[in-house]
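The next block holds one structure in the form of structure tokens; read it before the comments.
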Amino acid sequence: MRCPICKKEITDTKYKPFCCKRCADIDLGNWFNEKYRVEAVEIDEEDLKQLEESSLKVED
């Protein structure tokens, strides 16, 4: 397995999937600086009602 930041082979699993603390910190900084993004999808009221109703059926 290779580190997603520096591409070196991972020999120590302490910071898996990263090779070291430095690469793990770089990745965390990328999230904090919004380099990585997960797009949100707007849900309208009707979809929200259907979702709530279906989750209530599962709980019963």
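- Nearest approach of Phe18 to Cys3, heavy atoms of both residues: CA-SG, 3.9 Å.
- If you take CG on Asn33 and CD1 on Ile26, they are separated by 12.0 Å, rounding to the nearest 0.5 Å.
- Expressed to the nearest 0.5 Å, how far CG of Asp47 lies from CD of Glu42 amounts to 11.5 Å.
- Smallest separation of non-hydrogen atoms from Pro17 and Pro4: O-CD, 3.1 Å.
- Note that the CG atom of Leu48 and the CD atom of Glu53 stand 10.0 Å from one another [nearest 0.5 Å].
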Under the side chain to side chain contact (heavy atoms under 4.5 Å, CB included) rule, what do Asp27 and Tyr36 come out as? Steps first, then yes or no, please. CA-CA 9 Å; Asp27 184 71; Tyr36 307 138; 3.0 Å; yes

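- A donor-acceptor contact shorter than 3.5 Å links the side chain of Asp12 to the backbone of Lys14.
- In terms of heavy-atom proximity, Glu9 sits nearest to Met1 at OE2-N, 2.9 Å.
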